[in-house]
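Okay, structure first, notes after.
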Amino acid sequence: MFQQTTQAIGILCCLYALLHPSVASGQTTSPRRAALAPKESLDQIELAPGYQARLLASEPQTLDPVEVAFDDAGRLWVVEMRDYPFPIAGSTGGRIRILSDRDGDAVYESSQVFADQLDMPTGLALWKDGALVTVAGQLLFLRDLDGDQIADTRQVWLEGFSQDNEQLRANHPRLGSDGKWYIASGLRGGNVRLG
């Protein structure tokens, strides 16, 4: 579990640095300059002695990641908030992608969209044959009924979370050791009710 969490953090750092090279290099210039190549981005990361960063995935396999989770098959599920901070042409651009390492070289070279048209997704938890996903104001359960790695159904489990600020919305659903589901409130609360 610790190794997977460490890998996930490394992926997010590498992907974030790829998309925002000024953060990786410590510069304060405009973030609107050309992105670095994955290898160049990786070389910009400074780590404490004894640690290493390794690129597990990059564009075009995934874009704008905000959370990742590994499943039992070793696949990497990525929440993409592509519509932050502004909606894309009046539509919802968030997605959940499933990345696979088919040749066993520890690089996720294969990518498939599990669910799209999600309104600013902020987190996920894998559960049974699907994923619990926090989106704008809601907790959804997205299920794959036929095993093709594409969500076939969308159920609203909870709704009414505040949507005031995209950065402070409900996020990161987690199943606790007590068998209850927990969701970070996002600091704004809301009038939460069953969907």
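For reference, positions follow the sequence shown, starting with 1. Just so it is clear, the values below take in all heavy atoms, side chains as well, and ignore hydrogens, waters and symmetry mates.
- Between Gln163 and Met120 there is no side-chain heavy-atom pair separated by less than 4.5 Å.
- Between Gly123 and Pro173, the shortest heavy-atom distance links the atoms C-CD, 3.9 Å.
- When side chains are defined from C-beta on, Asp119 does not count as touching Gln138, because their heavy atoms never get closer than 4.5 Å.
- Smallest separation of non-hydrogen atoms from Val66 and Pro121: CG2-O, 3.8 Å.
- The side-chain heavy atoms of Thr134 and Arg169, taken from C-beta on, include no pair separated by under 4.5 Å.
- Partners of Asp43 by salt bridge (charged side-chain N to carboxylate O under 4.0 Å, His left out), not counting sequence neighbours, listed by chain and number: Lys39.
- Of all heavy-atom pairs between Val107 and Asp105, the closest is N-OD1, 3.0 Å.
- Counting heavy atoms from C-beta outward, Phe161 and Val135 have side chains that stay 4.5 Å or more apart.
- Rounding to the nearest 0.5 Å places CD1 of Ile150 at 8.0 Å from CG of Asp144.
- At least one side-chain heavy atom of Leu132 sits less than 4.5 Å from a side-chain heavy atom of Leu139.
- Residues Ala131 and Phe114 share a closest heavy-atom pair of CB-CE2, 4.4 Å.
- Hydrophobic clustering places Val156 together with Leu124 (ILVMFWY residues linked when any side-chain heavy atoms are closer than 4.5 Å, directly or through intermediates).
- A salt bridge links Glu67 with Arg174: at least one charged nitrogen is closer than 4.0 Å to a carboxylate oxygen.
- Heavy-atom contacts from other residues, nucleotides or ligands closer than 6.0 Å to CD of Gln52 number 12 or fewer.
- The CG atom of Leu99 sits 9.5 Å away from the CZ atom of Phe70 when rounded to the nearest 0.5 Å.
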Margin query: side chain to side chain contact (heavy atoms under 4.5 Å, CB included), that's the test. Do Asn171 and Ile183 meet it? Break it down for me.
Written below: CA-CA 6 Å; Asn171 59 83; Ile183 300 170; 5.9 Å; no
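- When side chains are defined from C-beta on, Val133 does not count as touching Val79, because their heavy atoms never get closer than 4.5 Å.
- Ion pairing of Arg143 with Asp129 is present here, as a side-chain N (NZ or NE/NH1/NH2) and a carboxylate O approach within less than 4.0 Å.
- For Asp72, the CG atom counts as loosely surrounded, since its 6.0 Å shell holds 12 or fewer non-hydrogen atoms of other residues, nucleotides or ligands.
- Residues Arg97 and Gln61 form no side-chain contact, since every pair of their non-hydrogen atoms from C-beta on lies 4.5 Å or further apart.
- Note: Trp157 and Trp181 have perpendicular aromatic rings, judged against thresholds of 30 and 60 degrees for the angle between ring planes.
- In this structure, Gln44 CD and Leu36 CG are separated by 6.0 Å, a value rounded to the nearest 0.5 Å.
- Separation of atoms CZ (Arg95) and CD (Gln117) is listed at 9.5 Å; rounding is to 0.5 Å.
- Counting non-hydrogen atoms of other residues, nucleotides and ligands closer than 6.0 Å to CZ of Arg193 gives a total above 12.
- Contact annotation: the side chain of Leu140 approaches that of Leu118 to within less than 4.5 Å [non-hydrogen atoms, C-beta and beyond].
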